Amino acid sequence: MALLDYFLRKKEKQVATASKAKERLQIIVAHERNKRNKEPDYLPQLTEDILQVLRKYIQVSDKSLSVNLDKKDGDLNVLELNIELHDEK
Amino acid sequence: MARIIVVTSGKGGVGKTTSSAAIGIGLALKGHKVVLIDFDIGLRNLDLIMGCERRVVYDFVNVINGEATLNQALIKDKRVSTLSILPASQTRDKDALNKENVGKVLDDLAKEFDYILCDSPAGIEAGAMMALYYADEAIITTNPEVSSVRDSDRIIGMLSSRSRRAELGLDPIKEHLLLTRYSPKRVAEGEMLSVEDVEEILAVPLLGVIPESQAVLKASNSGEPVILDIESDAGQAYQDAVDRLLGETVDFRFLVAEKKGIFSRIFGG
């Protein structure tokens, strides 16, 4: 039987799924790394905390605050806060 | 200076404990003083893989809570005198560990040992974070399989953001990739990610490739880490990994499927 198997096996065309795995991994890993590098874990919580402090004094909506951490050349990191203030009526 | 090495992976069941046990024994056989710590609080298993499960009296959490001294809790390996094991607790809650009390235990161990190997629990919860926090080096255990590789990448991110070295702005944790359950035959058939594929995706230097081997189950069945099975392919592959960890250059073995002879092809088997 082994002899028969040997000849039959030659005819079966293997579908190589490893290359598909590699491709999918490269995409998802790059995507997740990008997200990770752009945004430190503490950023969402920091944004929330800043909003709460602001609301003690002024009216701000969730969308009027943006918090970004930018990596500049060398060891310099810049934390950028943008608060949009609406005219009081 | 003791080297603190975490054996980690993100995903469970990829061989962290098997690898910790094998590498711990391997380093100790080279004459180094080694302590293996089981960080999997609540799910103690390193003792079983090491074959010392019936000698556990006190554990890591007992030491943390001051109910036992380190020397009372450490179990000396019966095969290699320079190796000790600090077992995890079986029942206590996971919140027992924190940065301060773990740091103190590691400081005490560093006075006595050359290598502190931390066997991490799976996942990215507090337990896994504690295991990697103080690490100088990390052995990232990965199977050539999509979910394991992705989780390894998550853990690599944690190593560079959540460790003590990251918080203090010190040199980053030195990373090593350990590929386990590797099947050269399936790689040749295009069914499994190759060593090169995983290296390329994770971009971590390769420490070792452990072939899928029946010797691993036999080893855990009997509580004799597979590196002691010097005839086995997996045992030899772990030995090579230990040598590389010690700075030697060793060629990689077991990366190519053994060719079947003409007789076994015709007659089977």
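The sequence lines fix the lettering, A, B, ..., with proteins before strands; numbering per chain opens at 1. Owing to the predicted nature of the structure, the values given are computational and were not obtained by experimental measurement.
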Legend entry - E23(A), CD: over 12 other non-hydrogen atoms inside 6.0 angstrom: no
Inset, instruction - Evaluate the side-chain proximity of L25(A) to L193(B): yes if any heavy-atom separation is below 4.5 Å, no if none is. - result: yes
Legend entry - Interatomic distance, E200(B) atom CD to Q26(A) atom CD [nearest 0.5 angstrom]: 5.0 Å
Inset, instruction - Please check if atom CZ in R154(B) has more than 12 non-hydrogen atoms from other residues, nucleotides or ligands closer than 6.0 Å. - result: no
Inset, instruction - Please indicate whether R150(B) has more than 12 foreign heavy atoms, meaning atoms of other residues, nucleotides or ligands, lying under 6.0 Å from its CZ. - result: no
Legend entry - CZ (R55(A)) with more than 12 external heavy atoms under 6.0 Å: yes
Legend entry - Residue R162(B) versus chain A: region with a heavy atom under 4.5 Å: side chain
Legend entry - The single option from V198(B), V146(B), V149(B), D197(B) passing side-chain contact (heavy atoms from CB on, under 4.5 Å) against K22(A): D197(B)
